[in-house]
Amino acid sequence: MTDPFVRAVEAVLFASETPLTPAQVRAHVGEGDVAGALRTIERTQAGRGFVLVRRGDHWHFETAPDLAHLLRRERAGPRPLSRAAIETLAIIAYHEPATRADIESIRGVQISKGTIDVLLEAGWVRPAGRREVPGRPLTYATTPSFLDHFGLTSRRDLPGIDDLRAAGLLDPIDDAVASALESRDDSD
Amino acid sequence: MTDPFVRAVEAVLFASETPLTPAQVRAHVGEGDVAGALRTIERTQAGRGFVLVRRGDHWHFETAPDLAHLLRRERAGPRPLSRAAIETLAIIAYHEPATRADIESIRGVQISKGTIDVLLEAGWVRPAGRREVPGRPLTYATTPSFLDHFGLTSRRDLPGIDDLRAAGLLDPIDDAVASALESRDDSD
Amino acid sequence: MDADIPALTIELDGWEGPLDLLLSLARAQKVDLRQLSILSLVEQYLAWIDRAATLRLELAADLLVMAAWLAYLKSALLLPRTPDMDPDPEELALRLQLRLERLGAMREAGAQLMARDRIGRDVFRRGDPEGLDSIRTTAWQAGLYDLIAAYGRVSARSRPVLHVVATRPVMTLDEALRRVEQLLGSPIEWTAIERFLPVDRDALFRRSALASTFVATLELARQGRVELRQDAPFAPIDVRRIA
């Protein structure tokens with residue numbers, strides 16, 4: 001078992017979002033030999049996958065520098081889907097196969113070319129043949145990796161309109177306020 | 001000096017923003033005994049200020065629970081749930097998959113709008129397919145981040161679940177009535 | 001037994017339905033739910049409803065419906081037993097007990113879950129992780145919640161606007177009690193319950209008034225002020241004043 005004071009110091013450094021000075025550490029852990037604890041941790045961690053490092057007066061844990069290649073650190077960062085894209089994806093999932101005109105008529109606004117491209121690139125939708133009507137428009141459907149990503153076994157797992165209504169997801173904002181007031185009335 | 005493969009595994013887990021499965025770890029560190037390395041790190045970190053924990057199939061580092069008092073201040077904790085939401089979450093977790101009707105029959109009141117919505121939004125429950133009975137109601141189950149948030153290694157870790165199961169409190173009520181009546185008739 | 005009742009403060013906002021109230025009463029007895037006497041619990045519930053009535057508190061309809069059902073259960077449990085009684089009152093009592101046990105168990109389980117070491121409250125993940133970039137996974141992020149919420153949003157926008165009338169004209173129980181009491185001022189013989197309803201063209205309001213008036217006459221019958229009569233299931237219900 002590690003010395004209790006040393007444990008406290010390492011927990012504080014681990015949970016902190018920024019590097020800390022010994023004085024900042026002391027504000028959390030109270031009186032004790034912070035400098036000594038830092039040296040102990042530094043020594044214990046040497047040669048491990050993550051180490052304690054000092055930058056000026058500030059201390060923090062970081063992954064061992066020689067292992068950085070395992071992390072592939074070009075932090076492009078995950079990007080959230082745009083509102084238009086997620087709505088388009090939802091419409092395709094609920095109505096597939098759907099043409100661009102179907103999607104536009106359900107969303108009530110035009111969609112730009114790039115929106116479907118993003119979904120194609122993410123691998124969540126695929127072209128699903130042409131519809132045999134004038135103009136033979138292309139239809140779109142979801143892919144197995146769509147199901148995979150959203151943790152669904154099949155499209156039938158998507159909540160139906162009644163479920164959405166019961167979960168409060170079909171209410172425009174004004175209705176949501178009204179129903180909050182209503183449920184307060186219900187409780188008496 | 002720690003074993004190079006163990007170092008690599010702990011570096012990847014330490015750097016990750018989310019809990020990782022052994023397969024995800026392997027995607028970074030290459031072939032090797034990931035399970036063995038996880039056990040080694042678990043043992044090495046035991047008693048330290050932050051420890052390696054398993055939640056379902058995922059592993060991550062977190063601060064030792066007994067140090068909560070040092071870290072809690074100045075942080076807004078998770079938003080408290082309503083009593084209805086807490087009970088609904090418990091019913092889903094102990095009975096999963098559970099339909100809305102299952103939840104309502106145990107609580108004795110209708111679920112108000114927004115109760116399941118709150119749990120979906122927190123990422124603790126998910127739609128889990130439909131039950132093949134008339135009306136094909138949607139069922140709900142818990143997610144990996146439910147286990148993660150509440151510090152459960154698996155659903156078998158749910159507080160008291162073995163006792164509840166042994167006492168028949170997780171069986172449908174009709175089964176419980178039938179078996180109670182049967183044993184009463186036997187004893188007459 | 002009566003001495004226990006005032007300990008439970010009568011507060012109306014607190015109860016999420018009759019089962020919730022019953023469970024609180026049962027918990028106040030401080031016995032294992034499996035050892036609970038359903039008969040004494042029923043008496044406590046009825047006493048609670050009585051007290052609320054004397055304090056002139058307006059009770060939710062489901063609490064009153066449960067009271068009527070429990071009053072029936074109580075009389076069935078007290079009557080000399082006949083083997084062919086259907087439904088078997090013992091079974092009804094057992095069912096109620098099992099439901100209370102289940103709700104109690106889930107409430108306890110919920111409390112225990114909330115008391116666990118929770119991330120962000122008791123235990124903390126690393127504050128500033130470098131992050132992993134795995135080139136193989138897609139950069140686009142969206143969760144199931146985002147997806148179904150988006151569909152809900154789109155549907156709400158494009159669906160023909162559906163006006164749901166949230167509040168319907170209803171007759172409250174108090175109002176129904178007042179009306180019936182007024183009409184009882186003059187001596188009446190057997191009178192169909194519909195005669196007590198206000199003349200109103202709104203069918204929904206009439207249905208609400210019928211329901212409230214029925215519950216009001218039940219309450220007055222319980223107080224021994226009126227008698228009710230019904231010849232057969234679904235036959236008209238008649239009311240008369242007890243002289």
Side-chain angles (χ1 to χ4, degrees), chain A residues 11 13-19 60-63 68 70-81 83 85-91 93-94 105-108 118-119 121-124 145 149-152 158-159 161 163-165 167-172 175 178-179 182 185-188, chain C residues 10-17 20-21 52 57-63 119-168 170 172:
Chain A
L13 285 168
F14 171 84
S16 172
E17 285 162 19
T18 54
H60 74 138
F61 280 110
E62 66 179 37
T63 307
L70 296 176
L71 316 180
R72 301 183 215 174
R73 295 194 52 178
E74 328 87 59
R75 298 184 65 177
R79 268 173 68 190
L81 276 189
R83 189 181 158 114
I86 188 91
E87 288 184 7
T88 302
L89 179 62
I91 293 167
Y94 275 87
S105 98
I106 294 171
R107 277 196 73 216
V118 163
L119 300 174
E121 182 201 316
W124 292 336
S145 76
H149 180 90
F150 290 95
L152 300 164
L158 287 169
I161 288 295
D163 298 310
L164 292 176
R165 180 171 293 123
L169 290 172
L170 261 193
D171 296 314
D175 288 13
S179 82
E182 197 182 314
D185 293 346
D186 288 350
S187 63
D188 35 57
Chain C
I10 295 203
E11 107 188 62
L12 288 172
D13 288 342
W15 313 113
E16 279 195 78
D20 187 17
L21 171 52
L57 298 173
E58 191 171 331
L59 292 177
D62 54 349
L63 291 182
I119 287 186
R121 190 188 68 174
D122 307 292
V123 295
F124 298 88
R125 301 264 297 277
R126 191 175 162 206
D128 183 27
E130 289 93 350
L132 295 178
D133 267 336
S134 135
I135 291 153
R136 295 171 345 117
T137 62
T138 165
W140 296 107
Q141 274 211 325
L144 183 56
Y145 177 77
D146 303 320
L147 183 76
I148 62 186
Y151 193 70
R153 202 161 62 222
V154 170
S155 302
R157 208 161 60 209
S158 63
R159 220 147 268 273
V161 182
L162 200 94
H163 290 288
V164 179
V165 181
T167 50
R168 289 204 310 251
V170 293
T172 63

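Numbers restart at 1 for each chain; the letters A, B, ... are given by sequence-line order, proteins then strands.
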Distance (rounded to the nearest 0.5 Å) between [X] [atom1] and [Y] [atom2]:
X      : Y      : atom1 : atom2 : result
A/L81  : C/D146 : CG    : CG    : 8.0 Å
C/Y151 : A/I91  : OH    : CD1   : 7.5 Å
C/I148 : A/L164 : CD1   : CG    : 6.5 Å
C/S155 : A/R107 : OG    : CZ    : 12.5 Å

Would you name the heavy atoms of [X] and [Y] that are closest together and state the gap between them?
X      : Y      : value
A/I86  : C/R153 : CG2-NH2, 4.1 Å
A/E17  : C/D128 : O-CB, 3.5 Å
C/L147 : A/F150 : CB-CE2, 4.2 Å

Winner by heavy-atom pair count (cut-off under 4.5 Å) against chain C, out of A/D163, A/V118, A/L13, A/L152: A/V118
Need one label for C/R126: side chain, backbone, both or neither, based on atoms under 4.5 Å from any heavy atom in chain A. both
Side chain, backbone, both or neither: which part of A/L119 has a heavy atom under 4.5 Å from chain C? neither
